[in-house]
Structure formats: C-alpha cells, structure tokens
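Reckoned from all heavy atoms, side chains included, excluding hydrogens, waters and symmetry mates.
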Amino acid sequence: MNYYVTTSIPYVNGEPHLGHAMEFVMADVLARAARKSGAPVIFSTGTDEHGGKIAEKAAELKIKPQELADQMSEKFRKLIKELDVEPDRFIRTTDKGHIQRAQLVWKSLEKDIFKHKYVGWYCTGDEEFFTETVVKENNGICPDHNRPYEKIEEENYFFKLSKYNDEILKAIESDKLHIVPKTRKNEIVSLLKEGLEDISISRPKDKIDWGIPVPGDKTQVMYVWFEALLNYITVLGYPEHEDFKKFWPANVQVVGKGIIRFHAAIWPGILLGLGLPLQKELYVHGYITIDGKKMSKSLGNVVSPHDIIKKYGVDAFRYYFLRHVPSYEDGDFSWEAFETAYNNELANELGNAVQRTAAMISRYQGGIIGDVPGQEHDKGGYDKALAECHFDRALDEVWEQVRGLNQYIDQEKPWEIAKGGDDDHLREVLAQQVGDLLEIADMLEPFLPSSAAKIKHVFESGVVKPLETTLFPKLETKDAGNDQ
RNA sequence: CGCGGGAUGGAGCAGCGGCAGCUCGCAUGGCUCAUCACCAUGAGGUCCCAGGUUCGAGUCCUGGUCCCGCAACCA
C-alpha cells in the first residue's frame with residue numbers, strides 16, 4: 001500500500017520558526033512509521049515562493065525575487081536537515097516543473113474558470129482591499145490614513161468553487177475526506193453549510209508580476225494560493241507521471257489550523273474540478289505560543305528551532321514538540337518546561353533505564369545478554385494513537401512502558417539477586433529488561449530516530465556495547481544562552 | 001442575536017451519566033544497579049456562575065460570565 005504524506009509548503013516571506021519545525025517533524029513521524037511498515041512512501045515538502053509580498057521584500061533588499069526565494073528556501077532546507085526530517089521530495093513553486101504543471105492544471109480547469117470584475121474597497125495608504133463590513137464599520141473612511149476608501153474594479157479569473165460546495169461537504173461529513181481533529185471538521189462543516197463563494201484565482205500582472213503566467217492571457221498571473229496548493233500533485237508529476245498515478249490521493253496532509261480553509265475547501269474544490277479523488281485525511285495541528293504568548297517579532301519572543309537543537313539535541317526537540325504540544329490543540333514552549341521534560345522524562349526515566357540496565361549486565365554478566373523475550377506488551381493504544389495523529393498520546397503509551405520498566409527493576413532488585421547468586425534468575429530478569437528496552441526503541445523509531453538507533457545498538461547484538469556518551473546527558477541547569 | 005472552541009487541585013491536561021484522575025511541582029519514606037537517578041506513600045479540587053432533567057451531573061438541557069480562534073484575496 002503506497003503512502004503519500006505532505007506538509008504545507010511554507011511561504012518564504014519569513015524565517016523558519018517553531019511552527020514550521022513542528023509540522024515537518026509530525027509529517028516525518030508519519031512517513032517513518034509508514035516506511036517501517038514496509039510501504040512505498042513519498043513524503044513531500046517544499047517552499048511557496050511567489051506573490052506580491054516576496055516581490056516587495058526583494059525590492060526592499062534590492063535583489064531579484066528569485067534570489068530572495070533561493071536564499072529563504074535554502075533556510076528551510078537546512079532546518080529540515082537539522083531536524084532529522086527526511087522528505088523524499090522538496091518542491092519549490094518556482095521549479096520549472098511546477099510552473100508548467102500548474103499551467104496544465106489551469107487549462108484542465110478552464111470549464112470552471114470565468115472572468116469576473118472584482119469590486120472592492122481599496123485604501124491606497126494600506127495598498128489593500130477591505131471587506132464591505134470593515135468599510136461600513138469605519139463609515140467609508142480608513143482610520144489609519146483618514147481618507148475615504150476607493151471603490152476599485154479589477155478584472156480577475158474566478159474559479160467556480162461554489163459548484164463543488166455540496167460535494168465537498170458530503171465528502172467531509174462522511175469522512176471520505178477525514179479531518180482530524182473533530183473540532184476542525186465541525187468548523188469546516190459549518191463553513192460549508194453556509195456555502196462557499198467562487199474565488200478569485202488570478203491577479204493583474206501590472207500589479208503583481210511575481211507569479212505564474214495564466215496560460216493564454218499575458219495580463220494575468222495566478223494567485224499565489226491557488227498555485228501553491230497545486231504543489232501536492234505537481235510534485236508527483238501530475239498528470240502523466242507514474243508517481244502521480246501511484247501515490248495520489250495523499251494519505252495524510254499535515255497543515256496548521258490557520259490554513260484549514262484552503263486545504264479543506266478550496267483544495268478539494270480544485271481536485272473535484274480536475275476529476276481527481278480528494279486527499280484521504282487532513283490533519284490539522286495547532287499553534288505554538290512562547291511562555292504563553294503568541295510568538296511575534298514585536299514581542300521579541302521568537303525562539304529559533306536551531307537554538308533549542310543546539311542546546312538539547314534534535315531528538316529532545318522532536319520529543320518536546322510531539323509530546324508536550326498537544327497534537328490536537330495549541331501548545332506552549334518555554335525553556336523551563338522544555339528543560340523539565342528533558343531532565344525528567346528523557347534523561348531520568350528513559351536514559352537512565354538504558355544506563356542502569358547496561359551497567360548491570362556489564363557488571364554482573366560481563367556484558368553478555370541472556371535470551372531476550374520478544375514483543376510482550378500490547379501495542380494497541382500506541383498504534384491507534386499514531387493512526388489518529390495523536391503523537392502526544394502515542395508517546396504517553398511509550399512512556400508508560402518506560403515507567404513500567406523502572407518499576408520492574410525496582411521490584412525485582414537485580415542487585416540483590418546478584419548477591420544471592422541465583423544466576424539463572426538474574427539472567428532472566430536482565431534479559432527481560434533488555435526486551436522491554438528494545439520494544440521501547442522500536443516504538444520510538446519514528447519519533448526519535450537516532451535515540452532509538454542508539455538503544456538498539458547497545459543491546460541488539462547480544463553483548464552490551466556501552467555508549468560513548470549517555471543517551472540524554474543531564475545538563476547542569478542555568479547556564480548561558482538561556483534567557484528564560 | 002455571524003460561526004466555532006474552551007473554562008477541572010499551584011501549572012499543564014484527561015474524564016463527557018455512576019466512588020474526581022494523570023504528568024510536573026511540593027512533602028514524607030524506601031532503595032543503592034543507574035545520568036544524586038529510581039520506587040512507594042501523602043497533602044492539595046465549591047470540576048466558571050445560576051437554574052433544570054435524573055435515583056444519581058465535570059459529564060445532559062436552559063440562561064449567564066470570562067477567555068481564545070475564524071469571519072473571502074496577506075500568504
């Protein structure tokens with residue numbers, strides 16, 4: 001069974017942040033878990049690079065938009081690498097292939113595309129359109145610039161999204177397009193019940209020219225969002241490539257809650273217009289706050305993923321954002337909470353369990369491990385959690401076993417058995433510990449790949465191979481570089 | 001009356017009709033294999049407010065208060 005998982009592709013307007021990092025990691029867990037099961041997997045991610053914002057910013061920096069996009073895209077690539085995230089594809093919306101295929105999509109969609117005059121209220125101060133409601137609220141005068149909104153007409157191409165409203169609604173209600181978590185599904189269902197409007201999918205070129213040309217109309221470029229969404233199929237080589245035929249529809253698309261409308265309404269609409277099946281599942285994660293506050297440049301509370309990784313290591317990073325940020329809700333990051341989780345759960349509970357087991361086998365049995373029992377624990381809860389993208393609960397399940405192991409050790413007291421001289425029993429108990437650890441390592445593999453590999457390395461061969469450094473070295477608290 | 005989500009021990013959460021639970025933090029005891037780690041026990045809650053349904057309500061219903069998202073062109 002082929003497995004296709006995607007992340008949303010970040011807009012290269014800003015620096016990579018914790019939210020991006022978390023999304024990459026989540027999708028990576030799904031991809032690794034699927035690969036582990038032996039399925040052919042494509043895990044794709046990339047960057048979204050067109051649009052007015054990029055053009056403006058490039059102009060500010062006095063470089064070409066493409067140069068800016070190149071630089072920024074590279075930063076995301078670097079982050080992915082640093083996170084131990086291993087996508088199979090990295091698509092850029094400025095890739096030639098994407099551009100050509102997006103144009104093919106446009107042509108296939110032509111039956112649902114029409115030209116329409118968009119009438120909006122525009123403020124030249126903001127260089128932005130405002131909705132009827134906003135304009136009314138302000139009595140027709142922009143409060144920021146104290147000048148009246150202008151009524152502007154702009155000719156755009158529109159996509160007949162409304163036409164597909166009911167079909168999308170039906171797919172979502174029946175879970176043919178399964179939206180996780182349920183609250184997100186409800187949100188979208190109620191939105192669809194109100195009804196979707198047709199959407200503008202192009203911009204006049206004289207206004208924004210950093211975009212993909214609309215086929216057959218030199219005056220218009222595709223609206224960024226429209227074209228960016230197409231990455232999910234252009235990356236597979238829509239329409240003719242084998243991969244597309246084999247891997248679409250996607251098994252899971254991972255997105256943040258802020259862009260759910262695009263992925264649960266507009267994107268399905270486009271797919272239906274193309275006569276393609278919808279993605280099977282849309283997993284929507286929440287946002288990350290820092291010390292309980294929204295992260296923002298103006299608050300100056302932005303924490304770079306890189307700083308965390310540098311200090312604690314990549315697996316600790318993955319661990320925190322998978323377990324301590326609720327999979328179905330918003331979560332918080334603070335250095336303090338991170339450190340607590342690192343010390344208690346990773347170092348003291350897991351790391352130490354590995355350490356004490358390895359130490360006892362080395363000390364009492366010269367490193368020789370007895371007959372290790374196979375899988376003994378019920379993995380049902382873990383599998384279910386993982387299938388539901390409940391990463392936090394899946395790790396809860398793993399830690400239940402970690403705790404169980406520490407309890408087991410304290411109950412059996414191998415150090416006392418060793419004194420008593422019952423070698424057979426001792427060997428059995430220690431082998432049991434090893435069995436538990438290997439099971440734990442196995443479950444940890446998609447989540448903390450390098451730690452899982454280390455645990456396996458220590459015990460797998462039948463002889464304990466001590467680690468050069470402990471699994472999660474405990475850090476002496478409050479050193480530099482940590483601005484609480 | 002635009003739509004939706006939430007309010008449970010100091011903190012973060014679970015429970016969604018049947019003795020209020022988990023993790024952290026705190027206190028006490030045990031152990032010594034281990035990264036001064038591990039294990040056990042305990043203290044701590046008018047489950048936002050007011051009504052109602054029920055033998056029984058964090059859990060269902062009605063009303064209210066307070067927070068937080070979304071509300072079509074910024075991706």
Side-chain angles (χ1 to χ4, degrees), chain A residues 8-14 48-54 56 118 120 126-134 154 156 158 161 181-191 193-194 196-203 208 223-226 228-229 257-262 265-266 286-287 289 292 294 323-326 328-332 334 336-337 340-341 343-364 392-393 396 399-400 403 405-419 426 429-430 433 467 469-475:
Chain A
S8 61
I9 52 173
Y11 197 51
V12 292
N13 189 33
D48 177 13
E49 309 182 3
H50 290 122
K53 282 257 155 101
I54 302 299
E56 272 167 40
Y118 176 81
D126 292 296
E127 293 191 48
E128 223 181 308
F129 281 98
F130 292 88
T131 61
E132 199 76 26
T133 336
V134 171
E154 186 178 297
N156 291 165
F158 275 68
L161 183 60
K182 203 166 210 145
T183 54
R184 300 295 168 208
K185 172 179 166 179
N186 295 342
E187 252 175 66
I188 274 299
V189 165
S190 83
L191 183 85
K193 281 189 171 155
E194 283 169 31
L196 298 169
E197 308 255 323
D198 296 336
I199 52 159
S200 158
I201 55 168
S202 75
R203 292 288 179 277
I208 295 173
Y223 174 48
V224 214
W225 251 117
F226 172 77
L229 286 168
K257 67 176 186 181
I259 54 176
I260 183 170
R261 304 166 54 89
F262 292 91
I266 299 176
Y287 283 164
T289 54
K294 234 170 144 164
R323 185 167 189 212
H324 289 285
V325 172
Y328 285 7
E329 278 163 78
D330 292 348
D332 188 56
S334 70
E336 201 190 340
T340 302
N343 282 332
N344 290 340
E345 293 153 28
L346 291 174
N348 295 348
E349 292 182 324
L350 176 61
N352 187 47
V354 171
Q355 188 72 10
R356 63 199 302 214
T357 299
M360 284 191 274
I361 294 173
S362 299
R363 182 156 160 182
Y364 303 137
D392 50 353
R393 290 196 182 167
D396 284 347
W399 252 258
E400 197 136 315
R403 282 165 209 263
L405 171 57
N406 278 321
Q407 285 166 0
Y408 175 78
I409 296 173
D410 270 62
Q411 261 168 40
E412 296 294 334
K413 301 182 178 47
W415 52 93
E416 270 182 22
I417 306 176
K419 275 183 213 153
L426 180 62
V429 170
L430 292 178
Q433 292 176 215
L467 291 164
T469 51
T470 48
L471 210 47
F472 295 99
K474 206 148 172 186
L475 302 176

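Here the P atom of nucleotide rC38(B) and the CD1 atom of Ile409(A) are 12 Å apart, to the nearest Å. Atom P of nucleotide rA37(B) and atom CD of Gln355(A) are separated by 14 Å, given to the nearest angstrom. Between Ile260(A) atom CD1 and rG5(B) atom P the separation is 13 Å, expressed in whole Å. The CD1-C1' distance, from Ile199(A) to rA75(B), rounds to 14 Å in whole Å. A straight line from CG of Leu346(A) to C1' of rA37(B) spans 14 Å, rounded to a whole angstrom. The nearest whole Å value for the distance from the CD1 atom in Ile188(A) to the P atom in rC3(B) is 16 Å. Atom OH in Tyr408(A) sits roughly 16 Å away from atom C1' in rC38(B) (whole-Å rounding). Here rA37(B) presents its C1' atom at 4 Å from CG of Asn352(A), a figure rounded to the nearest Å.
Between Asn156(A) and Tyr223(A), every side-chain heavy-atom pair lies at or beyond the 4.5 Å cut-off. In this structure, Arg323(A) and Arg393(A) have side chains that are not in contact, with every pair of non-hydrogen atoms separated by 4.5 Å or more.
Between Glu187(A) and Arg184(A) there is a salt bridge, since a side-chain N of the basic residue sits under 4.0 Å from a carboxylate O of the acidic one.
Nucleotides rU53(B) and rC39(B) have their C1' atoms positioned 47 Å apart, rounded to a whole Å. Distance noted for atom P between rG4(B) and rU62(B): 13 Å (whole Å). A gap of 29 Å separates the P atoms of rU65(B) and rG56(B), to the nearest Å. rC60(B) and rG18(B) are spaced 14 Å apart, taking the C1' atom of each and rounding to whole Å.
Counting only Watson-Crick and G-U wobble pairs whose two key distances fall under 3.5 Å, RNA chain B forms stems of three or more stacked pairs at B:2-7 with B:65-70, B:10-13 with B:21-24, B:26-30 with B:38-42, B:48-52 with B:60-64.
Comparing Thr357(A) and Phe262(A) by the nucleotide of RNA chain B whose heavy atom lies nearest to each, the residue mapping closer to the 5' end is Thr357(A). Between Asn348(A) and Gly52(A), the residue anchored nearer the 5' end of RNA chain B, judged by the nucleotide with its closest heavy atom, is Asn348(A).
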*Please step through side chain to side chain donor-acceptor pair (under 3.5 Å) for the pair Thr357(A) and Gln433(A), ending with a clear verdict.*
CA-CA 7 Å; Thr357(A) 299; Gln433(A) 292 176 215; 2.9 Å; yes

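For Gln407(A), whose side chain is taken as the heavy atoms from C-beta onward, the closest listed nucleotide among rG25(B), rA40(B), rC73(B) is rA40(B). The side chain of Thr470(A) sits closest to rU35(B) out of rU35(B), rC38(B), rA75(B). In this structure, the nucleotide among rC73(B), rC24(B), rA75(B) sitting nearest to the side chain of Val224(A) is rA75(B).
A search for side chain to side chain contact (heavy atoms under 4.5 Å, CB included) contacts involving Asp410(A) returns Arg356(A), not counting sequence neighbours. By the side chain to side chain contact (heavy atoms under 4.5 Å, CB included) test, Ala341(A) is found to be paired with Tyr319(A), Tyr320(A), His324(A), Glu345(A), residues two or more places apart in sequence or in another chain being considered. Under the side-chain hydrogen bond (donor to acceptor under 3.5 Å, both in side chains) criterion, Lys193(A) pairs with Glu173(A), sequence neighbours left out.
Distances shorter than 4.0 Å separate none of the side-chain N or O atoms of Arg323(A) from OP1 or OP2 on rU23(B).
Counting non-hydrogen atoms under 4.0 angstrom, Leu471(A) reaches a base of the nucleic acid. Residue contacts shown for Ala347(A) include a base, since a base heavy atom lies under 4.0 Å away. Contacts of Tyr364(A) with the nucleic acid, taken as non-hydrogen atoms under 4.0 Å apart, involve only primed sugar atoms and P, OP1 or OP2. Counting non-hydrogen atoms under 4.0 angstrom, Arg363(A) reaches the backbone sugars and phosphates but no base.
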Would you list the protein and nucleotides 26-31 of chain B atom pairs, both N or O, that sit under 3.5 Å from each other?
none

Write out a two-atom table: protein N or O, nucleotide N or O from nucleotides 6-16 of chain B, distance below 3.5 Å.
{"residue": "rA14(B)", "atom": "OP1", "partner": "Glu329(A)", "partner atom": "OE2", "Å": "3.2"}

